[in-house]
K.L.:
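Please find one structure pasted underneath; my questions will follow.
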Amino acid sequence: MYKYATLNPIAQVGLDVLTDEYVKTEDVNEAQAILVRSASMHDMELSANLECVARAGAGVNNIPLDKCAEQGVVVFNTPGANANGVKELVMAGMLLACRDIYGGMQWVEENKTDADINKTMEKAKKNFAGSEVKGKKLGVIGLGAIGVLVANMANRMGMQVFGVDPYLSVVNAVTLNRDVTILKSYDELYKTCDFITIHVPLLESTKGMLNKDAFDKMKEGTVVLNFSRDTLVNDDDMGEALKSGKVAKYVTDFPNAKVLTFPNVIATPHLGASTEESEDNCAMMAAEEIRAFLEDGNIINSVNMPNCDAGKCDSAARITIIHKNKPNMIAQFTQLFAKDNVNIAHLTDKSRGDYAYSVIDIDAVSTQKVVDELTAIDGVVKVRVIK
Ligand code: MLT
């Protein structure tokens, strides 16, 4: 029996993926798996029972990834699962920036008791006129799952689309419409585009990347869209850019008290992935990742450990080891089994940065003695017997 805890409401279709072998606990310290959306885990103690955290969503800035890795806790996210929901809101954000739909709706609301509104509106409408996105230039910063969908949709709406992504994956490159022009630098994108939308994770290296330096390079009257994270944009610099007209509109799904004092801000309350479909997709993907890891030791979509697919175990036992990525680790593991005359049927080892992960299938039942000996090896973080 596996125990899991949820730190936010998680869609039932996702919880249904967890079979009768899973039981929900209200005591997070008992849980082997945690499902989380945006609740902050930064001040949480991680219990020794905890094996994995699955973030039902893309952003993982609410999870202490390094602390988790140090304690052998694998963190997953659900890339792409909510990408369509975010893409649709980005398109809506672009349209809201071009057409004064909101101003027009407010006018209708204020004049709803006017018996002749069908006539007066024909005069009033000039106050809410706008422009079209067709033919305009859109720059997409970050061509991950969301950025690619935004780029392709904008292309279908007749925009000229440009993108920059130093880490563009093969899968995303193949999915990207051939009409999208990939630029080599952010500077080229800034000076070319009428609309700029940012779709990168919040990391130390991306924090505040849309700042004075970037705004200075943009065209006069650029529309900036941020459906990723608040601090990717330097608020003070954005305020100055909005006041000077360098940025004509700032469309953000991550408003804060300061940003809301600026002119020409169009803000929504983190609604990007808040659709039934996105919440269902994220919950199901997160639950499947937990099952793959707890039941078979396989790691899919981890953000702090290497991905690793060793399939199902058809040997007598499977042992998994999270360890430091340094020389002589695997040799020590295999020597330990050799000493006990235990045959290794399969061995998979993957590394990522400072950490590595080994899945070892053996032709003998595992014993506590083996686990203790493996755990005692310098550089081993966590040993788990899967079967
Ligand atoms: C994400 O990071 O996936 C989105 O911002 C949605 C969310 O936080 O749930």
Side-chain angles (χ1 to χ4, degrees), residues 4-15 17 33-42 44 52-65 68 74-94 140-151 153 165 167 169 171-172 197-210 224-233 250-256 259 266-290 300-304:
Y4 71 92
T6 58
L7 302 186
N8 295 102
I10 301 292
Q12 190 57 43
V13 286
L15 301 182
V17 170
I34 289 178
L35 282 137
V36 62
R37 285 172 59 191
S38 51
S40 176
M41 294 183 63
H42 284 286
M44 262 179 74
C52 60
V53 174
R55 159 75 164 103
V60 286
N61 54 311
N62 55 323
I63 305 171
L65 300 184
C68 286
V74 180
V75 182
F76 309 102
N77 71 347
T78 58
N82 57 20
N84 192 64
V86 180
K87 170 202 82 181
E88 290 187 6
L89 201 67
V90 173
M91 303 319 294
M94 265 198 280
V140 183
I141 299 176
L143 293 165
I146 297 171
V148 166
L149 290 189
V150 169
M153 176 60 94
D165 191 337
Y167 310 101
S169 73
V171 173
N172 288 330
T197 185
I198 184 162
H199 300 285
V200 297
L202 177 62
L203 307 169
E204 266 320 303
S205 56
T206 57
K207 204 169 179 175
M209 70 180 281
L210 290 184
V224 175
L225 300 110
N226 177 7
F227 286 76
S228 295
R229 283 297 178 265
D230 51 354
T231 50
L232 292 169
V233 176
Y250 178 39
V251 188
T252 178
D253 204 21
F254 294 92
N256 61 40
V259 162
I266 297 173
T268 45
H270 195 186
L271 291 182
S274 292
T275 64
E276 201 179 316
E277 294 87 343
S278 287
E279 288 184 5
D280 286 358
N281 289 341
C282 288
M284 286 190 290
M285 196 191 272
E288 277 155 13
E289 291 163 352
I290 287 174
I300 309 164
N301 294 326
S302 177
V303 287
N304 70 341

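As the structure lists them, so they are numbered: ligands from 1, and atoms in each ligand from 1. Only a predicted model underlies this, so the values are computations on that prediction, with no experimental measurement involved.
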K.L.:
Is the ring centre of His270 less than 6.0 Å from the ring centre of Phe254?
P.N.:
yes

K.L.:
Would you find a donor on one side and an acceptor on the other, under 3.5 Å apart, between the side chain of Thr78 and the backbone of Ala56?
P.N.:
no

K.L.:
Are any non-hydrogen side-chain atoms of Glu277 and Asn84 less than 4.5 angstrom apart?
P.N.:
no

K.L.:
Under 3.5 Å, N or O to N or O, is Gly59 touching ligand 1 that way?
P.N.:
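N/O-N/O distance below 3.5 Å exists for this pair.
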
K.L.:
Of all the atoms in ligand 1, which lie at a distance below 4.0 Å from a heavy atom belonging to Gly57?
P.N.:
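Atoms satisfying the 4.0 Å criterion: 3 (O).
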
K.L.:
Short N/O distance, under 3.5 Å, between Ala273 and ligand 1?
P.N.:
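No, since none of the N or O atoms of Ala273 sits under 3.5 Å from an N or O of ligand 1.
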
K.L.:
Regarding ligand 1, does Arg37 bring an N or O atom to under 3.5 Å of one of the ligand's N or O atoms?
P.N.:
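Not met; the criterion fails.
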
K.L.:
Indicate the atoms forming the closest heavy-atom contact of Leu7 with Ala39, along with that distance.
P.N.:
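Nearest heavy atoms, Leu7 then Ala39: O-CB, 3.8 Å.
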
K.L.:
Any idea which part of Val86 is under 4.0 Å from ligand 1, heavy-atom wise: side chain, backbone, both or neither?
P.N.:
neither

K.L.:
Can you give me the closest heavy-atom contact between Ile300 and Phe76, atom names plus distance?
P.N.:
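Looking at all heavy atoms of both residues, the closest pair is O-CD2, 2.9 Å.
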
K.L.:
Is a donor from one side chain sitting under 3.5 angstrom from an acceptor on the other, for Ser40 and Asn62?
P.N.:
no

K.L.:
Nearest to atom 1 (C) of ligand 1, what protein heavy atom do you find, and at what distance?
P.N.:
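The answer is Ala58 N, 3.4 Å.
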
K.L.:
Taking side chain as C-beta onward, heavy atoms only, is Asn304 less than 4.5 Å from Val74?
P.N.:
yes

K.L.:
Give yes if a backbone or side-chain nitrogen or oxygen of Arg55 is under 3.5 Å from a nitrogen or oxygen of ligand 1, and no if not.
P.N.:
yes

K.L.:
Hey, does His270 come in under 3.5 Å of ligand 1, counting only N/O atoms on both sides?
P.N.:
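Yes, there is a polar N/O contact under 3.5 Å.
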
K.L.:
In terms of atom number and element, which parts of ligand 1 are under 4.0 angstrom from non-hydrogen atoms of Arg229?
P.N.:
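Under 4.0 Å from Arg229, ligand 1 has these atoms: 1 (C), 2 (O), 5 (O), 8 (O).
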
